[in-house]
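Written out below as structure tokens is the structure these notes cover.
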Amino acid sequence: MKIIINGKEQETTYQTAFQVRESIGNPEDIVILNGFQINQDSPLAENDILSIIRKGVMPDEEELESMMMARHTPYVHQRVKKGKVAIAGLGGLGSNISVMLARIGVGHLFLVDFDIVEPSNLNRQSYYVRHLGMPKTAALKEQLEEINPFITIETRDAKISEENVKELFEGYDVICEAFDKPDAKAMLVNTALEQLPGCKIVSGSGMAGFDSSNLIQTRRLMKQLYVCGDLENEARIGSGLMAPRVQICAGHQANMILRLLLGQEEV
């Protein structure tokens, strides 16, 4: 019987997952079978995907990547790894979206921002005190490479304008709009819709303050355009940007990008 064990196709005479674990590991090691962690022994079938995660042991590169993708539904990882996603703006939305996409294994991320990390960013953005004063592109790339060393991360320190949208983002499957300011959001969305007709755009609008999390939704407003948020609560006096709602909206955007890469578009 042929099965995939820790990323490698192998012939095996073992009939159950725990028999494989006993042959290469210890009883306390984690067993992932076809994307699901099992706590009771399970029979094996042809072409099953099995990962034995040994606690406290650093695997080689091939094994590590297979373990990182083990919790995905089988064959989802292969499709996600082919994805090319551009993230415009690396603040509260963009930094957190980038982290999520790196964790799920999107193969090519393009990070664009012109700003540096400042103390006021730390309340909601995925940066640390040690990053203060660094370009956001460099600080975020450093984090993503620690999370997932098996993806391609490109960066550009640039301010996005109508003049460079096409040059920056042509060829990407999805553009993630993650700006703070409404006029910048409108500029990028409108320009991309006009100049890049084959690209999907996932935007964020309305995540300020501390109203109900359930108001934040994902909506398909046009064939190419998806907007995440409550579409109402923008940052203003008495209603600032705070980590919980910003990250909820970032999660909506990241999940919509995942769905698009898998061909599951909203209606």
Between the main-chain N or O of Cys199 and the side-chain N or O of Gln224, is there a donor-acceptor pair closer than 3.5 Å?
yes
Here the gap from Asp115 atom CG to Gln125 atom CD, rounded to the nearest 0.5 Å, amounts to 8.5 Å
- Task: Validate the cation-pi geometry between Lys185 and Phe179: distance from NZ or CZ to the six-membered ring centre under 6.0 Å, angle to the ring axis within 45°.
- Result: no
Between the OG1 atom in Thr191 and the CG atom in Leu196, the distance rounded to the nearest 0.5 Å is 9.0 Å
The reported gap from CG in Leu188 to CG in Asp183 (rounded to nearest 0.5 angstrom) is 11.5 Å
### Task
Give a yes-or-no answer on whether the side chains of Asp157 and Thr137 include a donor-acceptor pair shorter than 3.5 Å.
yes
* Asked: Given side chains that start at C-beta, do those of Leu140 and Ile87 come closer than 4.5 Å, heavy atoms only?
  -> no
Side chains of Ser95 and Lys136: closer than 4.5 Å at any heavy-atom pair? no
Closest non-hydrogen atoms of Ser213 and Ile248, given as atom of the first, atom of the second and distance, are OG-CD1, 3.2 Å
Where the side chain of Asn190 meets the backbone of Ala186, is there a donor-acceptor pair that is under 3.5 Å apart?
yes
Exactly one candidate in Arg21, Lys55, Arg54 meets salt bridge (charged side-chain N to carboxylate O under 4.0 Å, His left out) with Asp29; the answer is Arg54
Run Phe210 and Met242 through side chain to side chain contact (heavy atoms under 4.5 Å, CB included) and show every step you take. CA-CA 8 Å; Phe210 38 84; Met242 302 175 68; 3.8 Å; yes
* Begin with the C-alpha distance, continue with both residues' side-chain angles, and end with the deciding distance and a verdict on side chain to side chain contact (heavy atoms under 4.5 Å, CB included) for Asp48 and Ile4. => CA-CA 6 Å; Asp48 273 347; Ile4 296 173; over 6 Å; no
Nearest heavy-atom contact between Asn6 and Ser51 is OD1-CA, 3.1 Å
(request) Determine yes or no for a side-chain-to-main-chain donor-acceptor pair under 3.5 angstrom, with Arg245 supplying the side chain and Ile216 the backbone. (result) no
key: Side chain proximity check, Ile97 to Ile257, heavy atoms < 4.5 angstrom   = yes
Can you tell if the side chain of Val106 reaches within under 4.5 Å of the side chain of Lys81, non-hydrogen atoms only? no
Contacts satisfying ring-ring contact (aromatic ring centres under 6.0 Å, His included) that involve residues 3-38 (not counting sequence neighbours) are none
query: Would you say Arg220 and Leu225 make side-chain contact, with heavy atoms under 4.5 Å?
result: no
Residue set satisfying side chain to side chain donor-acceptor pair (under 3.5 Å) with Asp113, at least two apart, ordered chain then number -> none
Check: Leu132 main-chain N/O paired with Glu118 side-chain donor or acceptor under 3.5 Å: no
Are Met256 and Val99 in one and the same hydrophobic cluster, where Ile, Leu, Val, Met, Phe, Trp and Tyr link if side-chain heavy atoms are under 4.5 Å apart? yes
Return yes if some donor-acceptor pair links the side-chain N/O of Arg124 with the main-chain N/O of Gln247 below 3.5 Å, else return no.
no
Is it the case that the side chain of Gln217 and the backbone of Gly229 share a donor-acceptor pair, with hydrogens and angles ignored and the cut-off at 3.5 Å? no
With no hydrogens and no angle check, just 3.5 Å: does a side-chain donor-acceptor pair link Thr12 and Gln10? no
- Without swapping roles, check the side chain of Asn148 against the backbone of Ala102 for a donor-acceptor pair under 3.5 Å. yes
CD (Glu9) and NZ (Lys2) are apart, to the nearest 0.5 Å, by 5.0 Å
Tell me if a side-chain donor or acceptor on Arg79 pairs with a main-chain N or O of Leu262 at a distance below 3.5 Å. yes
- Query: Under the 3.5 angstrom rule, does the side chain of Gln19 hit a backbone N or O of Gln15 as a donor-acceptor pair?
  - Reply: yes
| query | Do Glu154 and His108 get their side chains close enough for a donor-acceptor pair, meaning under 3.5 Å? | reply | yes
Separation between CG (Asp230) and CG (Asp211), nearest 0.5 Å, reads 7.0 Å
Could you tell me if the side chain of Ile49 sits less than 4.5 Å from the side chain of Ile3, heavy atoms only? no
Heavy-atom nearest pair, Leu33 first then Ser42, reads CD2-OG, 3.6 Å
- Query: Would you say Leu90 and Val129 are hydrophobically clustered, going by side-chain heavy atoms of ILVMFWY under 4.5 Å?
  - Reply: yes
Would Arg130 and Glu142 pass as an ion pair if we require N to O under 4.0 Å? yes
Taking Met187 as the starting point, is it possible to reach Phe169 by hopping between hydrophobic residues whose side chains are less than 4.5 Å apart? yes
Under 4.5 Å between side-chain heavy atoms, hopping through other hydrophobics if needed: is there a path connecting Met134 to Ile147?
no
Practice task
Kindly determine whether Val80 and Leu258 satisfy side chain to side chain contact (heavy atoms under 4.5 Å, CB included), including the steps that lead there.
Solution key: CA-CA 7 Å; Val80 172; Leu258 171 61; 3.6 Å; yes
Within a strict 4.5 Å, meaning less than it, do heavy atoms of the Val117 and Tyr128 side chains meet? no
Would you mind checking if Lys200 and Glu265 are paired as a salt bridge, meaning a charged N to carboxylate O distance below 4.0 Å? yes
Of all heavy-atom pairs linking Ala178 and Gly89, the shortest is CB-O, 3.5 Å
In this structure, would Ile153 and Leu101 fall into the same cluster of hydrophobic residues linked by side-chain contacts under 4.5 Å? yes
Here the gap from Ser66 atom OG to Phe150 atom CZ, rounded to the nearest 0.5 Å, amounts to 9.0 Å
key: side chain to side chain contact (heavy atoms under 4.5 Å, CB included) between Leu144 and Leu111, worked out   = CA-CA 11 Å; Leu144 301 187; Leu111 315 178; 4.0 Å; yes
Legend entry - Check: Ile52 and Ile30 side chains under 4.5 Å, non-hydrogen atoms: no
Worksheet item: Can you find a side-chain donor-acceptor pair between Ser126 and Asn96 that sits under 3.5 Å?
Response: no
Here the pair of heavy atoms bringing His72 nearest to Ile104 is CE1-O, 2.8 Å
(message) Please check if the number of heavy atoms outside Glu28 that lie under 6.0 Å from its CD is greater than 12.
(response) yes
Tightest non-hydrogen contact, residues Ala254 and Met100, listed as CB-SD, 3.6 Å
**Prompt:** Would Tyr127 and Gln143 count as a side-chain hydrogen bond (donor to acceptor under 3.5 Å, both in side chains) if you check the C-alpha gap in whole Å, the side-chain angles of each, and the deciding distance to 0.1 Å?
**Reply:** CA-CA 9 Å; Tyr127 300 108; Gln143 293 178 69; 5.9 Å; no
query = Taking the side chain from Asn164 and the backbone from Ser161, do they hold a donor-acceptor pair closer than 3.5 Å?
reply = yes
